[in-house]
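Have a look at the structure below, then the notes.
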Amino acid sequence: MGEPVKILYFSWIRERIGMGEETISLPDSVRTVTDLLTWMQKRNDQFAHALEVPDIIRVALDQEHTEHDDPIGTPREIALFPPMTGG
Amino acid sequence: MGEPVKILYFSWIRERIGMGEETISLPDSVRTVTDLLTWMQKRNDQFAHALEVPDIIRVALDQEHTEHDDPIGTPREIALFPPMTGG
Amino acid sequence: MSATPNIRVQPEDFNQTIEIEKLTKGRADIGAVTTFIGLCRSEGESLNALELEHYPGMAEAEVTKSAQEACERWPIDGLTVIHRYGVIKPGEQIVLVIATSRHRDAAFDGARYVMDFLKTNAPFWKKEHRIDGKTGEWVDAKESDVDAKARWAKS
Amino acid sequence: MSATPNIRVQPEDFNQTIEIEKLTKGRADIGAVTTFIGLCRSEGESLNALELEHYPGMAEAEVTKSAQEACERWPIDGLTVIHRYGVIKPGEQIVLVIATSRHRDAAFDGARYVMDFLKTNAPFWKKEHRIDGKTGEWVDAKESDVDAKARWAKS
């Protein structure tokens, strides 16, 4: 397990998971963004529902957009959110 | 000679000719916009100076832009002006 | 046509807030408002004022024509164009274009289309009055304005 | 870079006249001001309000990034972006972009570029509150917004 990292959830991902923020340690097996989403999905039914279409989930590492095959690295903050609808 | 027609001059064409408006009859030989400019140039030195580069002169017939090979027709109002610089 | 344009050619200044309100007040179906304001620039501090001459009647007609074309081409809900004439000082407003629409693409395209066509087709001419009192030059037309109009050619 | 953008993410409404004045007052070298305002639309009268959620910190950072890119790409003299969050009623303002430049092309391109990138890259999400009191839906992202961003790809 790595260092504890803050995870933020937004929009309907936050609603489905039932919380906006948590601090957890990720298993060493989580090396890429895709690994993170796959691992998250298995945590419980709420996560499974929130992340049921992983392709559309956006993941930011330290407030920077990523692609799903990017390495996770050692961020202080991870955010999961759906496609953006601002403007 | 045709019916008298109002001719308007704008911008530096007006200044070089020394008047903004006149009403004249055009000779029957003036059939196109190019004919008009050629005839105008020969009227006096002021017109020759104002129209010395006929390619850039814009001619409107009844407030509609024309090309130089357009027929003159029988407009009530003709305007001569340089390229526009509004906006 | 999606909207009837409001066109004014006048010596008076204008207030973009009031003009935007006229297009948006009391309706909640407009999602996008694009506004363009053209200002009188000083040219290296040498300009005292611009004098704008226009061809009354044809100026309104040409602006109206380009505004109507924009309304036919894009789903525009409201379009206002105000162009001033007379003596205008550096920093003062010359032209206002407002296009409103449900969506931003139509509002951006409509406003820019009107500006591009107005520049080359509407009979206005600018003469410079210089600070040193010299009779100024008439402003030259720009080739780039002709190019700008060409970008709207339909392929 | 031609200008340092002014970026604000706030719940409060904004006044475009005041924001334009901040960019133009006291200088006469600006010839073009393009303003975009995004408004909250009612959807067939069924919408009571939009609730805008944002990711504090990253929202500002992403808007700043697109604004800086615009300032690098075009000769922009001033660029202001204000994006609201919280509950916004139909007809109210959501987002403001102002780009000023000597010439209109840079002002138009800069404002539109920021809007196109803001739409797909800035972490904001809209939820509908319906008039009938039902918990609304989260607004779906639009494919057309991804397409809009693609038009700025350099060839």
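First the proteins, then the strands, lettered A, B, ... as listed; each starts at 1.
No other option in D:I30, D:T34, D:V97 has as many heavy-atom pairs under 4.5 Å with chain C as D:I30.
With a threshold of 4.5 angstrom between heavy atoms, C:K119 approaches chain D through side-chain atoms but not through N, CA, C or O. Contact annotation for C:I20: only side-chain heavy atoms (C-beta onward) come within less than 4.5 Å of a heavy atom of chain D. Within the 4.5 angstrom heavy-atom criterion, only side-chain atoms of C:A148, from C-beta onward, approach chain D. Looking at C:D116, the atoms closer than 4.5 Å to chain D (heavy atoms on both sides) sit in the backbone and in the side chain alike.
Considering CG of C:D145 and NE2 of D:H103, their distance stands at 9.5 Å, rounded to 0.5 Å.
In this structure, the side chains of C:Q93 and D:T24 stay at 4.5 Å or more apart for every pair of heavy atoms. In this structure, D:M115 and C:D105 have side chains that are not in contact, with every pair of non-hydrogen atoms separated by 4.5 Å or more.
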Evaluate the side chain to side chain contact (heavy atoms under 4.5 Å, CB included) criterion for residues C:R27 and D:L39: first the C-alpha distance (whole Å), next the side-chain angles of each, then the deciding distance (0.1 Å), finally the verdict.
CA-CA 11 Å; C:R27 54 190 295 180; D:L39 300 168; over 6 Å; no

Where do D:Q16 and C:V33 land on the side chain to side chain contact (heavy atoms under 4.5 Å, CB included) test, with the steps shown first?
CA-CA 11 Å; D:Q16 94 271 4; C:V33 181; over 6 Å; no

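When all heavy atoms of C:R112 and D:D109 are compared, the closest pair comes out as NH1-OD1, 2.8 Å. The shortest heavy-atom contact between D:P90 and C:A28 is CB-CB, 3.8 Å.
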